[in-house]
Structure formats: C-alpha cells, structure tokens
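Just so it is clear, the values below take in all heavy atoms, side chains as well, and ignore hydrogens, waters and symmetry mates. One-based numbering, in listed order, for ligands and for the atoms of each.
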Amino acid sequence: MAPEQTILSKLKKTGSKITKTRTLLVKIFQPDRLPLTELEIRDRLSKAGTKVNKTTVYRELAHLKKNKFISEIEFGDGKKRYELDSGKHHHHLVCTACNKIDEIYADNDIGLIEKQIVQQKRFKIQSHSLEFFGVCESCAKNN
Ligand SMILES: [Zn+2]
Ligand SMILES: [Zn+2]
C-alpha cells in the first residue's frame with residue numbers, strides 16, 4: 001500500500017472524513033518530503049488543483065496533528081513547519097546556504113543532558129526540540 005493509503009485508512013479509523021483536501025494533504029506529506037510551512041503547503045495544494053484558504057489549511061493541519069499523523073517544528077525563523085510524524089524522535093540539520101533540511105536520529109548524549117537537568121534543576125522534562133544550523137556537504141564543496 002502506498003504510504004498515503006496507509007495514512008488515509010488510519011485516518012478513517014479515527015472517524016475522520018476523507019475529503020479531497022485531506023487526501024491531497026496526506027499526499028503532500030510523503031515520508032521523504034521535507035518539513036513544509038503553511039504557505040508551502042497551500043502552494044502545493046493549489047498546484048494540485050485545490051485552492052484552500054489559510055483557515056482551512058490550519059484546521060486540517062490541526063486535525064492531522066491531533067491524530068499524530070504530522071508534527072510541528074520550529075527553526076527559530078518564526079515559521080511553523082509540518083512534517084509526517086515518523087513516530088521516531090529525531091532532530092533536523094538545516095543548511096543555511098541552500099535551506100536543505102536533513103534528519104538525524106541520535107539522542108544518546110541528549111539523554112545525558114536531560115539527566116543532568118533533572119538532577120541539577122529538579123526540572124521535569126516533557127520534551128525537547130533541538131535543531132542544528134550549518135552548511136550541508138554539497139554547499140561546503142561549492143565554496
Ligand atoms: Zn546546502
Ligand atoms: Zn532529541
């Protein structure tokens with residue numbers, strides 16, 4: 001089954017209506033796709049032939065987020081980005097030259113930092129968000 005079919009059938013099980021917009025949105029969030037801003041999402045929807053207003057897109061995104069199909073990320077530029085929720089915790093590598101976004105799955109040392117925070121600050125951590133900014137391999141080569 002195509003990834004979007006899997007998501008759509010799971011969505012159905014949560015009692016969600018499978019509308020045209022919802023189907024297109026799920027297609028836009030392919031597993032290999034990059035985190036997208038609301039504007040980029042709306043742009044892709046309109047390229048796919050569906051003009052949807054901001055309010056509808058936000059409502060749809062909120063619905064997908066609530067059902068844990070997508071997650072929200074912030075890269076500190078004031079824009080929220082959305083990506084398919086892989087269910088696996090990861091961090092992003094953002095290239096400041098070409099804006100390419102990569103993912104990294106490594107959290108061992110961050111676990112140690114969390115332990116320190118709990119011990120030293122008695123702070124109960126619920127989650128963390130950590131993104132890396134720099135220059136990707138191909139941009140570094142071309143410089
Ligand atoms: Zn780059
Ligand atoms: Zn982490």
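Between His89 atom NE2 and His91 atom NE2, the angle centred on the Zn ion (ligand 2) amounts to 110° (nearest 10°). The SG atom of Cys139 and the SG atom of Cys98 meet at the Zn ion (ligand 1) at an angle of about 110°, given to 10°.
With Arg44 contributing its side chain and Ile28 its backbone, the two residues share no donor-acceptor pair below 3.5 Å. A donor-acceptor distance shorter than 3.5 angstrom exists from the side chain of Ser9 to the backbone of Gln5, with no hydrogens or angles considered.
For residue His90, no N/O/S atom approaches the Zn ion (ligand 2) to within less than 2.8 Å.
Between His92 and Phe75, the gap from one ring centroid to the other is short of 6.0 Å.
Counting non-hydrogen atoms of other residues, nucleotides and ligands closer than 6.0 Å to CZ of Phe123 gives a total of 12 or fewer.
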